[in-house]
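Structure, as structure tokens:
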Number of protein chains: 2
Amino acid sequence: MTGIRALADSLNISIGTVSRALNGKPGVNPETRDRVLKMAQETGYVANAAGRNLRKGLTNTIGMVIGTGPAAAKGDNNFFMAVTDAMQRAMLERGVDLILLPCHAAMDPLAFLQRTLQRGSIDGLVLTATLEQDPRIAMLEASHLPFITLGRSRTPGNYAWMDLDFEGAARQSVARLAELGHRRIAIGIPKGQANLSALYLESWRQQMQAEGLSPSDDLLFVDDFTEAGGAQVAARLLDQADRPTAILMCSEPMISGFCGGLLGAGVQPGADVSVIGFRQSPLLRHLAPPISCFDMDLDALGEDMAKAILGLVYDADNALHITRAISPMTYVETASVQPLR
Amino acid sequence: MTGIRALADSLNISIGTVSRALNGKPGVNPETRDRVLKMAQETGYVANAAGRNLRKGLTNTIGMVIGTGPAAAKGDNNFFMAVTDAMQRAMLERGVDLILLPCHAAMDPLAFLQRTLQRGSIDGLVLTATLEQDPRIAMLEASHLPFITLGRSRTPGNYAWMDLDFEGAARQSVARLAELGHRRIAIGIPKGQANLSALYLESWRQQMQAEGLSPSDDLLFVDDFTEAGGAQVAARLLDQADRPTAILMCSEPMISGFCGGLLGAGVQPGADVSVIGFRQSPLLRHLAPPISCFDMDLDALGEDMAKAILGLVYDADNALHITRAISPMTYVETASVQPLR
DNA sequence: TTCGTAAATGTAAACGTTTACGAAACCTGT
DNA sequence: ACAGGTTTCGTAAACGTTTACATTTACGAA
């Protein structure tokens with residue numbers, strides 16, 4: 001005899017009562033409930049996931065798909081870790097588990113998603129690293145599995161999302177550099193269809209024009225999301241006759257490679273070319289000089305994400321409320337940004 | 001009607017035949033099998049996870065518990081990401097999913113483990129960040145769930161593990177520094193019961209004695225697994241009259257904080273105090289100067305881990321073969337290590 | 001034709017849980 | 001003492017799948 005049946009037997013009561021006691025359902029004698037809870041505690045009984053899932057159609061777990069692969073491994077996973085951390089903490093209070101679903105770069109993201117959807121082992125999903133056009137979103141909408149994306153997308157649909165203020169960061173960056181006299185303000189973004197790159201780029205364009213500067217094509221550098229890519233950007237930038245005097249970059253590895261490239265050519269980041277990054281990170285803080293970037297409250301972000309997806313999945317009344325929020329960022333300036341000489 | 005029943009109905013055959021056809025079991029007419037497969041393809045049918053899991057007692061997923069929380073968020077998660085990545089790739093070939101189980105620092109690791117064990121949603125487990133004495137291992141052994149640890153432990157038992165060569169790293173580090181004339185070679189390790197710290201420390205002791213040097217207590221620095229902790233170590237080290245001229249450190253954030261502490265006091269890492277770290281990482285590479293450390297093949301490690309746990313879980317004949325392997329590390333020297341002046 | 005064997009298919013039980021439903025026990029006021 | 005209501009509890013069905021077993025069909029050989 002196993003599971004709830006064994007527990008019920010050892011207490012000489014029926015499995016129905018045990019189940020009700022454990023799940024906090026009404027209509028069970030407080031004294032009986034205590035006995036059940038105590039025995040469950042002692043024996044370490046926890047309801048089998050498959051059985052419960054089969055019966056209820058719910059698993060009490062939320063999945064979060066994260067990209068892995070060469071690029072991701074070199075990127076700043078600390079971002080995900082920090083968010084994950086806060087999310088899990090918030091979910092724990094509700095007795096919900098968070099699992100991470102790593103999707104390898106070499107794998108078709110759609111097939112991966114399809115698989116996890118069909119498996120039916122999660123109640124809701126957090127989708128990260130959204131693309132400008134993201135077919136995964138359409139798939140999720142069709143699947144009727146509640147989900148929220150971390151990152152926006154141009155893909156139409158009535159879904160919940162949260163994001164960081166890439167536009168604000170680009171806007172502030174350009175404005176600050178212009179204020180310091182810079183006129184040829186470049187931007188470096190990673191190759192690929194990431195939505196954040198698109199937002200970052202678009203906002204750079206707008207603010208450049210707002211400052212009366214030209215967002216010309218020779219100020220736009222697109223390269224691999226790696227240190228090598230950043231080094232490439234540096235090489236191409238230094239090659240220009242009318243060399244840009246400042247640059248915005250949203251990718252950590254690229255910034256690192258970029259600064260390396262500058263130094264290799266005898267050009268000082270900051271002194272010769274001002275650099276503004278996006279997200280605060282240990283690496284950026286330890287480059288020489290440290291890179292100006294934006295600080296944010298990842299803890300709050302994670303908590304908000306958790307609340308949003310939990311509401312969507314488990315609170316019938318909240319299910320209609322689609323949260324869409326943009327997390328603010330605060331600029332932190334370092335020696336990597338200096339007035340135009 | 002839903003699930004396999006609907007599929008069977010639409011083909012006018014029984015669910016038994018459908019199940020056999022889908023699962024490649026023998027004893028089904030090839031023609032019928034084709035019809036089933038085709039219909040399943042068309043309708044997008046995939047067996048419900050809960051039902052299958054309940055019946056078979058297997059979920060085709062392997063879990064990997066990773067620590068989160070403030071400390072982990074600041075540490076180098078790239079390590080886990082890289083290993084995870086390779087593991088997942090290897091598992092995918094076998095149709096097995098890998099899920100990450102983040103265990104928040106504020107949570108009791110034992111309770112967390114107990115929960116995931118009882119839930120029965122994984123077929124096998126990868127345990128990371130093992131402690132010198134790790135009660136989780138005993139719990140896992142009692143649970144009869146196949147598992148492998150990434151990191152050894154003094155906890156006795158007949159379990160599989162893989163690990164990095166912390167002893168070798170410490171030994172090589174001391175030997176190299178001694179060769180360069182250093183005599184007061186310190187070691188900095190994080191507080192806590194992590195097994196790797198113990199190995200690292202013990203091996204340092206042994207090699208110091210082998211070199212005819214004294215591993216005295218004033219050469220041992222224990223502090224928080226954070227930048228602040230590293231800075232503390234720097235302060236205490238610089239405070240000594242007979243100042244150590246070199247140090248080994250296995251924690252990335254501590255190294256970073258340590259170097260910051262040195263620089264803040266006008267002491268040059270490398271030139272004044274040689275520093276050797278443990279694992280290669282972007283941050284260590286970008287400190288000034290870059291930190292000497294050890295390179296390793298995380299991809300191979302991940303693949304081996306995957307093979308080991310898969311064999312343990314799904315291959316009956318392999319189930320008795322307990323893999324125990326130590327991943328080699330190769331020393332990469334930088335300007336952070338210099339001859340004693 | 002008839003039987004025996006193998007191939008193909010159908011049937012039903014089982015996995016562990018939750019929950020609708022009914023039964024029992026216990027009150028409470030008349 | 002009894003009807004009616006409220007607690008409390010037990011029973012059994014259901015979730016969707018796999019698989020042991022029973023059953024049918026097909027096909028040669030006798």
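Chain identifiers are assigned alphabetically (A, B, ...) following the order of the sequence lines, protein sequences preceding nucleic acid strands; residue numbering begins at 1 within each chain. Hydrogens, waters and symmetry mates are skipped; everything else that's a heavy atom, side chains included, is used.
- Protein chain A contacts DNA chain D from dT8(D) to dG16(D), reading 5' to 3' and using non-hydrogen atoms of the protein with a distance under 4.0 Å.
- In the helix from dT1(C)-dA30(D) to dT30(C)-dA1(D), the end axes, each obtained as the rotation axis mapping the C1' atoms of four pairs onto the next four within a five-pair block, lie 60° apart to the nearest 10 degrees.
- The residue G16(A) sits close to a base: some heavy atom pair falls under 4.0 Å.
- For the segment residues 48-61 of chain B, residues with any heavy atom less than 4.0 angstrom from an atom of DNA chain C are, sorted by number, L54(B), R55(B).
- Atom CD1 in I4(B) sits about 14 Å away from atom C1' in dT11(C), given to the nearest Å.
- Nearer the 5' end of DNA chain C, as judged by each residue's closest nucleotide, is the contact made by R20(B), out of T17(A) and R20(B).
- Sorted by first and then second residue, the side-chain hydrogen bond (donor to acceptor under 3.5 Å, both in side chains) pairs involving residues 143-152 of chain A (not counting sequence neighbours) are R152(A)-D163(A), R152(A)-E167(A).
- For R94(A), the salt bridge (Lys or Arg N to Asp or Glu O under 4.0 Å) partners at least two apart in sequence or on another chain are D315(A).
- Contact annotation: the side chain of W161(A) never approaches that of L127(A) to less than 4.5 Å [non-hydrogen atoms, C-beta and beyond].
- Between V313(A) and P146(A) the shortest heavy-atom distance is CG2-CB, 3.7 Å.
- For CD of Q133(A), the number of neighbouring non-hydrogen atoms (other residues, nucleotides, ligands) closer than 6.0 Å is greater than 12.
- Without hydrogens or angle criteria, T61(B) side chain to S121(B) main chain gives a donor-acceptor distance under 3.5 Å.
- Contacts of R52(B) classified as salt bridge (Lys or Arg N to Asp or Glu O under 4.0 Å), with partners at least two apart in sequence or in another chain: none.
- Each side-chain hydrogen bond (donor to acceptor under 3.5 Å, both in side chains) pair with one or both residues in residues 37-49 of chain B, not counting sequence neighbours, would appear here, but there are none.
- Among pairs with a residue in residues 100-126 of chain B, those fulfilling salt bridge (charged side-chain N to carboxylate O under 4.0 Å, His left out) read D97(A)-R115(B), D97(A)-R119(B), at least two apart in sequence or across chains.
- Residues of residues 27-47 of chain B that place a heavy atom closer than 4.0 Å to DNA chain D, in numerical order, are Y45(B), A47(B).
- I13(B) comes within contact range of the sugar-phosphate backbone alone, with a heavy-atom separation under 4.0 Å but no base atom that close.
- Annotation: of the two residues near DNA chain D, R5(A) and S14(A), the 5′-most nearest-nucleotide partner is S14(A).
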Could you check R35(A) against E31(A) for salt bridge (charged side-chain N to carboxylate O under 4.0 Å, His left out), going step by step and ending with a plain yes or no?
-> CA-CA 6 Å; R35(A) 278 177 57 216; E31(A) 188 191 337; over 6 Å; no
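- Evaluation of the side chain to side chain contact (heavy atoms under 4.5 Å, CB included) rule for A194(B) yields L196(B), S197(B) as partners, not counting sequence neighbours.
- Listed by chain and number, the residues in a side-chain hydrogen bond (donor to acceptor under 3.5 Å, both in side chains) with S19(B) amount to none (sequence neighbours excluded).
- Not a single side-chain hydrogen bond (donor to acceptor under 3.5 Å, both in side chains) links N53(B) to another residue, sequence neighbours left out.
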